[in-house]
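Atoms within each ligand, like the ligands themselves, are counted from 1 in listed order. All figures in this text were calculated on a predicted structure; none of them were measured in a lab. Residue numbers start at 1 and run along the sequence shown.
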Amino acid sequence: MFQSYYEKHFPLEKLPPEIEKREFGFTPFEGGMLRHKSFINGENLRKFLCELVPSNAYYSCAYYENPEASMEDKGWLGADLIFDIDADHIPTPCNKIHDNWMCVNCGFKGKGQTPEKCPQCGSQKFEDKTWPCEICLETAKQETIKLIEMLTNDFGFSEKELKIYFSGHRGYHVHVESKTIRELDSIARKEIVDYIIGLGLDPKFHGLKTAGKTRVVNGPELHHPGWAGRIAKGVYELLLNASRNDLKKLGLRGNIIKTIIRQREVFIESWKDKTPWKLKGIGADSWMKIAQAGAKLQASKIDTVVTTDIHRLIRLNNSLHGKTALKKMQIPLSKIEAFEPLKEAVVFKNGTLTIQVSEAPEITIDNQVFGPFNNKKVELPMAAAMFLLCKGVAEVI
Ligand SMILES: [Zn+2]
Ligand SMILES: [Zn+2]
């Protein structure tokens with residue numbers, strides 16, 4: 001099925017720019033990794049894809065003089081600026097239902113987000129099974145929209161310089177292809193990452209003025225640009241929606257929490273006449289905690305490692321994802337809000353297939369819901385069957 005896709009449907013438009021300067025890498029279905037490949041044009045790449053039929057295809061965000069040489073001899077010329085937003089890095093309410101992991105060392109099993117260390121033996125090697133679901137993907141999309149807003153409004157990248165992609169599994173990629181950023185080193189890219197995640201952000205440098213510990217003199221407003229406005233928005237959202245327990249988690253004292261909840265209406269009104277930070281009974285220390293928490297809500301939860309790696313291999317546009325049989329695909333900036341990944345990235349739309357499913361949670365593909373399954377023989381539409389086969393939980397019978 002993958003072969004027929006690459007032979008008949010893989011488009012040669014929308015390949016990475018300057019393809020001849022990129023390193024390509026592939027994971028064959030038999031396992032292992034084939035890398036340091038290069039192609040002088042899209043047609044040669046397509047031919048290779050048809051012959052090898054890899055489960056995953058990647059290319060370098062970097063441009064090289066000699067993409068096929070060993071790492072030291074490649075001659076790094078620059079790299080696109082890449083952002084990866086993956087549901088793996090965002091806690092969602094549903095990951096406890098559909099995701100699980102197992103320690104490779106001792107066999108300890110758990111549900112939800114994979115921990116950094118095994119709670120039983122301390123090992124850091126896990127086998128995990130994560131699933132793309134509509135809730136996880138919607139969460140990742142909202143983080144992507146926050147990122148795009150920062151890249152265009154704060155950094156001033158034009159819409160033409162940004163490319164937005166669905167990854168084919170659990171997230172989104174944003175590529176900045178611009179000469180302005182091409183030669184930035186890892187450290188410079190880390191500065192950009194820190195800005196986006198709001199690391200070390202001090203509201204005092206973004207308009208929050210205090211007099212001693214007790215009084216806020218002034219604060220940022222909703223219409224302010226950059227992080228100032230973002231802090232204001234975050235605080236507004238937080239105080240509008242926060243429960244007693246949410247506020248307690250911020251480390252606020254009981255009487256402050258009471259004041260906030262009692263004065264919620266006053267507070268929301270006060271944002272209209274631009275004196276939001278003067279709510280009676282809340283001191284400068286508490287405001288600082290609230291502002292920090294508000295800022296956190298507005299930060300975009302990107303995978304920081306991807307952006308700073310200037311040699312990173314990233315999934316090739318329009319290639320198939322080996323874990324889902326969905327394709328990585330570009331989404332026009334104006335269409336992101338309405339984009340439906342589990343429908344629009346479906347490739348195999350014809351026919352059905354009978355498979356034996358070992359274990360799978362409920363899945364949604366192409367607007368249809370299937371499962372959950374437990375040792376079941378079932379005839380499914382091709383896209384759903386391919387999805388479960390790629391996930392490694394089913395066999396063709
Ligand atoms: Zn263990
Ligand atoms: Zn989910």
Side-chain angles (χ1 to χ4, degrees), residues 83-147 164-174 241 246 296-297 299-303 306 315 321-329 331 336-346 357-374 380-381 383-394:
F83 299 91
D84 178 20
I85 291 167
D86 198 294
D88 289 354
H89 300 270
I90 311 168
T92 53
C94 45
N95 68 17
K96 285 216 158 45
I97 301 168
H98 55 67
D99 295 346
N100 53 60
W101 48 268
M102 188 183 85
C103 169
V104 173
N105 186 42
C106 74
F108 192 84
K109 284 181 189 171
K111 288 201 150 251
Q113 255 188 321
T114 310
E116 273 180 28
K117 276 184 184 171
C118 170
Q120 187 162 282
C121 76
S123 161
Q124 295 182 0
K125 277 203 168 161
F126 298 97
E127 261 173 29
D128 51 12
K129 194 134 258 154
T130 59
W131 295 79
C133 89
E134 285 179 315
I135 298 165
C136 287
L137 282 167
E138 184 55 34
T139 313
K141 189 206 277 180
Q142 291 313 319
E143 296 299 320
T144 309
I145 291 169
K146 283 195 269 176
L147 170 67
I164 325 297
Y165 301 92
F166 168 55
S167 74
H169 191 216
R170 298 234 300 158
Y172 291 85
H173 299 163
V174 177
N241 302 315
D246 294 335
K296 216 173 184 181
L297 289 176
S300 173
K301 293 180 189 67
I302 54 173
D303 181 351
V306 173
R315 189 171 299 280
H321 197 301
K323 279 183 182 167
T324 59
L326 300 171
K327 65 180 175 187
K328 171 166 173 172
M329 65 176 285
I331 312 153
I336 174 97
E337 197 68 68
F339 180 72
E340 295 178 72
L342 298 174
K343 176 170 179 239
E344 297 179 49
V346 167
V357 189
S358 55
E359 198 186 356
E362 185 182 284
I363 58 163
T364 306
I365 294 281
D366 215 359
N367 283 352
Q368 279 182 279
V369 181
F370 307 98
F373 299 104
N374 202 335
L380 293 176
M386 286 291 288
F387 179 88
L388 292 171
L389 288 167
C390 285
K391 272 282 161 202
V393 296

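The shortest distance between side-chain heavy atoms of K141 and I331 does not fall below 4.5 Å. For the pair R315 and H169, the minimum side-chain heavy-atom distance is 4.5 Å or more.
Here the options are K328, M329, H173, the test is side-chain contact (heavy atoms from CB on, under 4.5 Å), and the partner is S167; only H173 passes.
Excluding waters, the count of protein N/O/S atoms less than 2.8 Å from the Zn ion (ligand 1) comes to 4.
For E359, the CD atom sits in a loose shell: 12 or fewer heavy atoms of surrounding residues, nucleotides or ligands are nearer than 6.0 Å. Around NZ of K111, the count of heavy atoms belonging to other residues, nucleotides or ligands within 6.0 Å exceeds 12.
Between the side chain of E362 and the backbone N or O of F370 there is no donor-acceptor pair closer than 3.5 Å.
The angle that C94 SG and H98 NE2 make at the Zn ion (ligand 2), rounded to 10°, works out to 110°.
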